[in-house]
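Notes to accompany the following structure.
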Amino acid sequence: MERRRLVDGLVGAGVAVLVMVVVVVVAAFALTRPAPAKEPAAGPTTQAEPAGGAPPDDLAAGDLWLGGLTLDADTLATPDGTLHDVEVTGEDVRTGASGLVAGSLTVDATVPFALVAAQIGPDVRVGPVPGSPDEAAVHRTFEGLGRVLDVEATGTVTVRAGRLVIEPRTIDIGGPGFLADLFGALARELVTIEQEIEGMPDGLVLRDVTVQGDGFRAALRGTDVRIEP
């Protein structure tokens, strides 16, 4: 059975968001200049600890370090599709000769159902199951020997070993019961999805998925996440 990568859109979005981090850092460095020194105020002062922790003491010329970084976007368009409500949070973010490295990074984004369906195949529709944030509805058409088989299913949406999994709970292919028994295994194979997220930076993996009215809400987490320059 031909099945394209379910999460190509999310992969492209994750990389694009990380590139946004580089753009922000470079823009901030290029468009600003050092502030003039100010005379110290009279009286004793106490230096507070930076909110993001102490900067590393091995910064080279041209290196930048950010103790904390937050980026939000209502819509993020990539060649693979459009995602919504993208939130990126990074800690201990550093740029330099090794590129961009985040000590910890979280990426949350909503992947529309239409994008998910398009990545699986042209004969697939995906949608929510009302009142069930851990289930999705899948409709798929299978054609062979001049005949067409329509499969309707509802499946549990989980994350297993960093993979997005949609495992059927109910399957309906219409017609008499003996047909359901005859084509049951084939139908289950058609609507069972288990995909790895490939192409993401090392250290950033899928941790959680929930089903919303407009798509899958995917949460990726990682430590020591390195992005090539």
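Here the structure is a predicted model, which means the values were calculated and not measured.
Looking at V111 and V209, their side chains never come closer than 4.5 Å, going by heavy atoms from C-beta outward. A 4.5 Å side-chain heavy-atom check between R217 and D85 finds at least one atom pair inside the cut-off. Residues L164 and V157 form a side-chain contact, since some pair of their non-hydrogen atoms from C-beta on lies under 4.5 Å apart. Between E135 and V211 the shortest side-chain heavy-atom distance does not fall below 4.5 Å. Here the side chains of L105 and V88 are in contact, with some heavy-atom distance below 4.5 Å. Counting heavy atoms from C-beta on, the side chains of Q212 and H84 never come closer than 4.5 Å.
Minimum heavy-atom separation, A137 to P128: CB-O, 4.1 Å. The shortest non-hydrogen separation linking V129 to A136 is CG2-C, 3.7 Å. Of all the heavy atoms in A109 and V86, the pair that sits closest is CB-CG2, 4.0 Å. Among all heavy-atom pairs drawn from R163 and L206, the shortest one is C-CD2, 4.2 Å.
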| said: I'd like to know whether V93 forms a side chain to side chain contact (heavy atoms under 4.5 Å, CB included) with L100, so could you lay out the CA-CA distance, the side-chain angles of the two residues, the decisive distance to 0.1 Å, and finally the verdict. | reply: CA-CA 7 Å; V93 181; L100 178 66; 3.5 Å; yes
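Rounding to the nearest 0.5 Å places CG of L69 at 9.0 Å from CD of E91. Atom CG in D123 sits 5.0 Å away from atom CZ in R140 (nearest 0.5 Å). We find the OG1-CG distance between T141 and D150 to be 4.0 Å, quoted to the nearest 0.5 Å. Taken to the nearest 0.5 Å, the OG1 atom of T106 stands 9.5 Å off from the CG atom of L220. Once rounded to the nearest 0.5 Å, the distance linking CG of D224 with CG of L204 reads 12.0 Å. Taking CZ of R94 as the start and CG of D92 as the end, the distance is 8.5 Å to the nearest 0.5 Å.
When the side chains of ILVMFWY residues are joined at heavy-atom separations under 4.5 Å, either directly or via intervening members, V116 and V165 end up in two distinct hydrophobic clusters. If you chain together hydrophobic residues whose side chains sit under 4.5 Å apart, V101 and V107 never meet in one group.
Listed by first then second residue, pairs satisfying salt bridge (charged side-chain N to carboxylate O under 4.0 Å, His left out) with a partner in residues 97-121 read D108-R221, not counting sequence neighbours.
The closest donor-acceptor contact from the side chain of T95 to the backbone of L64 lies under 3.5 Å.
There is a side-chain donor-acceptor pair under 3.5 Å between R169 and T156.
The only member of V126, T110, T210 that meets side chain to side chain contact (heavy atoms under 4.5 Å, CB included) when paired with F216 is V126. For the side chain to side chain contact (heavy atoms under 4.5 Å, CB included) criterion with I171, the lone passing option out of T192, T154, V151 is V151.
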